[in-house]
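I have placed the structure first, in the form of structure tokens, so that the comments after it can refer back to it.
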Amino acid sequence: MHFVIMGCGRVGASLARAIERAGHEVAVIDQDESAFRRLGTSFEGRTVTGVGFDRDTLRAANIGDAYAFAAVSSGDNSNILAARVAREKFGVEHVVARIYDPGRAEIYQRLGIPTVATVKWTSDQMLRRLLPQGHVPEFTDPSGRVVIAEMPIAPSWIGRRVAEIEAATGGRLAYLTRLGDGLLPGEDTVYQEGDLLHLALRREDLSAAERVLDAPPETH
């Protein structure tokens with residue numbers, strides 16, 4: 001799969017190398033050409049010098065074929081603008097933006113853009129929002145058989161009850177994140193736009209659950 005990263009600081013470079021090690025293609029955008037040195041000599045992806053929310057720059061990074069886009073530059077406004085352009089103008093479904101002001105998180109979540117505040121940033125948090133979720137479980141039991149993973153879900157599931165999601169995937173919703181806050185759901189809890197679902201299930205069922213949630217729910 002193809003990934004586009006805006007910002008080649010310490011975070012962006014680390015993220016790009018991790019995604020490339022996972023076997024994916026990566027394009028990195030930065031205004032400062034010298035920033036690409038952080039990627040190291042072994043990096044085989046594409047580097048694009050330019051402004052990350054400029055459409056021509058994004059096209060040069062092959063945004064049209066991107067599975068996911070990460071905005072991790074040093075500016076909150078630039079990151080959010082670039083994430084919105086990637087999603088709204090180029091149709092990239094999986095986007096994430098790093099922010100420096102955690103107080104803005106609720107606003108950004110309402111725009112449907114997952115955010116990671118710098119004060120709680122880890123590479124795992126970014127990767128969970130970019131890679132297919134089975135690659136980076138949030139929790140694995142000691143036997144390795146049961147995992148909790150943040151699952152991607154198609155917009156067509158908005159308005160469906162948690163019980164329907166569980167029945168369709170065979171898993172159990174451990175918790176969900178809504179506007180930056182954790183929530184323990186009940187059977188009648190309804191999935192809302194911007195919610196992040198954390199599903200507990202057997203490791204071997206991850207791929208099947210991802211396929212189910214990536215498609216519209218079945219109608220009866």
Beyond-backbone contact of F69 with H94, side-chain heavy atoms, under 4.5 angstrom | no
Side-chain donor-acceptor pairs of residues 27-38 under 3.5 Å, sequence neighbours excluded:
| unit_1 | atom_1 | unit_2 | atom_2 | d |
| --- | --- | --- | --- | --- |
| D30 | OD1 | D32 | N | 2.8 |
| D30 | OD2 | C8 | N | 2.7 |
| D32 | OD1 | S34 | N | 3.1 |
| D32 | OD1 | S34 | OG | 2.7 |
| D32 | OD2 | S34 | OG | 3.0 |
| R38 | NH1 | C8 | O | 3.0 |

Which atom names give the shortest non-hydrogen contact between A16 and L39, and what distance separates them?
-> CB-CD2, 3.8 Å
Please check if the side chain of N79 supplies one atom and the backbone of R98 the other of a donor-acceptor pair under 3.5 Å.
-> yes
Side chain to side chain contact (heavy atoms under 4.5 Å, CB included) partner of W157, the single match among L197, D195, V212 | V212
The reported gap from CD1 in I148 to CZ in R172 (rounded to nearest 0.5 angstrom) is 13.0 Å
Kindly write out the residues that satisfy side chain to side chain contact (heavy atoms under 4.5 Å, CB included) with A208, not counting sequence neighbours, or none if the list is empty.
-> R211
Can you sort out the partners of S156 under side chain to side chain contact (heavy atoms under 4.5 Å, CB included), two or more places apart, ordered by chain and number?
-> A154, P216, P217
Verify the neighbour count for atom CD of E204: are there more than 12 heavy atoms of other residues, nucleotides or ligands below 6.0 Å?
-> yes
Ignoring hydrogens and geometry, is there a side-chain-to-backbone donor-acceptor pair from S14 to R10 under 3.5 Å?
-> no
Looking at residues at least two apart in the chain, or sitting in another chain, which of them share a side-chain hydrogen bond (donor to acceptor under 3.5 Å, both in side chains) with R202?
-> D205
Qualifying residues under side chain to side chain contact (heavy atoms under 4.5 Å, CB included), relative to V162, sequence neighbours excluded = E166, L173, P185, T189
Minimal heavy-atom distance between L199 and G171, with the atoms involved, is CD1-C, 4.3 Å
Heavy atoms, side chains only, cut-off 4.5 Å: are H198 and M151 in contact?
-> no
If you look only at distance, which donor and acceptor atoms sit under 3.5 Å apart when one is on a side chain in residues 57-65 and the other is two or more places apart or in another chain?
| unit_1 | atom_1 | unit_2 | atom_2 | d |
| --- | --- | --- | --- | --- |
| T57 | OG1 | V51 | O | 3.4 |
| T57 | OG1 | D54 | OD2 | 3.2 |
| R59 | NH1 | D56 | OD1 | 3.0 |
| N62 | ND2 | D65 | OD2 | 3.2 |

Just by modelled atom types, is the G45 backbone N or O under 3.5 Å from a matching donor or acceptor in the E20 side chain?
-> yes
